[in-house]
Amino acid sequence: MCGIFAYTGERNAGEILLDGLTSLEYRGYDSAGIYTPQSGSVKSVGAVSHLRRKMPPGFFGTSGIAHLRWATHGEPTEGNAHPHTDCTGDVWVVHNGIVENHKELRKRLEAAGHTFVSSTDTEVLTHLVEEHLTLLRQGSEGQEPENIFEKAAVAALKEVKGTYGIAIQYKHDPARIIGARMGAPVVLGLGEHENFIASDASPILRHTRQIVFLEDGEVAVITPEGHTITKIGGESVSRAAEQVDWNAEAAQRNGYDHFMLKEIMEEPDAVRNTSRGRIIDTDGLAKLGGLESVAEKLRGIRRVIIVACGTASYAAMAGEYMLEENARIPTEVDIGSEFRYRTPVIDEGTAVIAVSQSGETADTLEAVREGKRRGALTLGIVNTVGSTIARETDAGIYLHAGPEISVASTKAYVSQLTALALLTLFLGRQRGMSVARGKEIAQALRELPGKIEEVLKRSDEIRKVAKKYANTRDFLFMGRKYNLATAFEGALKLKETSYIHAEACGAGEMKHGHLAMIDEKFPTIALAPSDSVYEKNMSNIQEIRTRKGPVIAIATDGDDEIRSTVNDVLYIPETIEMLSPILSVVPLHLFAYHFAKQKGINVDRPRNLAKSVTVE
Ligand code: AGP
């Protein structure tokens, strides 16, 4: 999730853009860059402070564009930092999103003589605009066609597949800046003799609170004296500005009270972005570009060990069941801090797969190194591009979930499960999984984001259940099979945000000890979707209810029977069993959030914890 910011007016664009980038740093800070027609471009790796130090004295402009990068395609280097420009240095672009068809466009443009200087998908956009400028000039007998810049930009954007929140500037028309939105947010800020374009309102609010929210498929043009909005097809759009009274941090949270809630609400998009361009519906396959270099080695793998910590280790637990049941590969899970010290048996037929949002967790990283030392093929399932685990593993799958700010991992968890499901599809279809089963998984993956959205609509209902148990100090989470992992994740989410006792166990383990804790003050959250172990779960629920233990069940839409057995039910839509943990965790994430918020805890920064544990 990158950040874009653009200004046109009468004041010093350099200072305004630099200050604005500081407000956008929560969106990612692999690299930063700025361009003004008067002074050219300056770029740096790392945070905005590095860019500020690189700014030459006298850097000036009354308009410009700026960018903060969260790397998705292309390592976080200065050469890959935005803004990007075309062959002529006339067209400049800052972009948030993914140009899915960037490879084919780049191939065509290079064949037409364009020279690329970066490995990003974004640079394609600048050369596309350049190409359309040339086309529009042909036959104009030297007369510059009217609005040629806007026409060229729109023509270029029409060729793009994927997502963009973009600002484009043309050196020869410095006061005019084009913004456009498709799948990535873009807002306009309307000032006095100055106007702004940004990914969200946070860099604008110190200048003006008059904000216009673009919608997908819209193109805006700003000048110091005004703005226009049109649909990419050309129809004019009239949209009044909204008075936004948020402070900058609230704007970063997109108006939500906490990043945790914002990131839970982003779970549908996180799953979409993890799957984007990777599901081949026609043949029931997964296309994982990051594994192409080791595809043949993977065909020969006889065993998988998934290493991870915390929430990522629970994704790994579900991944174990996915791989064994669907790809028939013996799989086990090890938490990083154990794997590295237990002298694991590894040979060249073993793949060690690290799952990590940050890609910097010390225990997981050392487990990867231990696996490499013992001759294993190592893969990374990582969110942060260019992170240490991503760089030290032989190959991998990036989550593309965008930066996760809240210490409690939520959207990264559902992305990890989605990536593991894609890996299962990839390996399964290498190993005899039928086309029909592959298509079934592919279709279910496609439907998942919409089903998560259905659950998110029930947030207020979940908040009421959390309120009902507000004074509870102990919770037990229980699940079976794919949702044993969900039980552990639900317990962790609650304990790390509310500081209360929450533990998980296999539902079948209840009678082996956990049942002794149960009484009317000790509720159980039971994962009981309509799956292959539903009847078993129901008998465990009965065991609890006969001992007066309250039960909150996570159940499948349409299951009315369970309602008469338990105290509260949080429903989720139907999906295939292997993907059920991606849906069943959503009510638990919301339950943990609402439970902690009502206790007045700083949900995004729980005590004693860090977002990335880079020490043992
Ligand atoms: C999850 O809510 C926790 N913040 C923590 O368990 C986290 O999942 C764990 O530290 C692993 O982090 P990673 O995914 O960045 O490796």
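These values consider heavy atoms only, across backbone and side chains, with no hydrogens, waters or symmetry-generated copies. Whatever order the structure lists ligands and atoms in, that order sets their numbers, starting from 1.
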Which heavy atom of the protein is the closest neighbour of [atom], given with residue, atom name and distance?
atom                    : value
atom 3 (C) of ligand 1  : E496 OE1, 3.6 Å
atom 1 (C) of ligand 1  : T311 OG1, 3.1 Å
atom 4 (N) of ligand 1  : V407 O, 2.7 Å
atom 11 (C) of ligand 1 : C309 O, 3.4 Å
atom 12 (O) of ligand 1 : T361 OG1, 3.5 Å
atom 10 (O) of ligand 1 : V613 CG2, 4.0 Å
atom 14 (O) of ligand 1 : Q357 N, 2.8 Å

Would [X] and [Y] pass as an ion pair if we require N to O under 4.0 Å?
X    : Y    : result
R369 : E392 : yes
K457 : E453 : no
K372 : D394 : yes

Pairwise side-chain contact, D334 with R342, heavy-atom cut-off 4.5 Å (strictly under):
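Counting from C-beta outward, D334 and R342 do come under 4.5 Å.
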Using a plain distance cutoff, I'd like to know if A408 has any nitrogen or oxygen under 3.5 Å from a nitrogen or oxygen of ligand 1.
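In this structure, A408 places no N or O atom under 3.5 Å from an N or O of ligand 1.
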Regarding ligand 1, does T364 bring an N or O atom to under 3.5 Å of one of the ligand's N or O atoms?
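By distance alone, the answer is no.
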Between F5 and H67, is the ring centroid distance below 6.0 Å?
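No - the distance between ring centres of F5 and H67 does not fall below the 6.0 Å cut-off.
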For residues F591 and F475, establish whether the separation of their ring centroids is below 6.0 Å.
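Between F475 and F591, which both carry aromatic rings, the centre distance is below 6.0 Å.
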For [X], take its heavy atoms, then give the atoms of ligand 1 lying under 4.0 Å from any of them.
X    : value
S358 : 13 (P), 15 (O), 16 (O)
K493 : 1 (C), 2 (O)
S409 : 1 (C), 2 (O)
G310 : 6 (O)

Region of E360 that comes within reach of ligand 1 [heavy atoms, distance under 4.0 Å]:
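Answer for E360: neither.
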Could you walk me through whether D531 and N483 pass side chain to side chain contact (heavy atoms under 4.5 Å, CB included), step by step?
CA-CA 10 Å; D531 59 14; N483 286 294; 4.1 Å; yes
Any cation-pi pair here, R458 with Y571, using under 6.0 Å and within 45°?
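R458 over Y571 ring: no.
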Is the backbone of S23 close enough, under 3.5 Å, to the side chain of Q252 for a donor and an acceptor to pair up by distance?
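Yes; judged by distance alone, with no hydrogens or angles, the pair exists.
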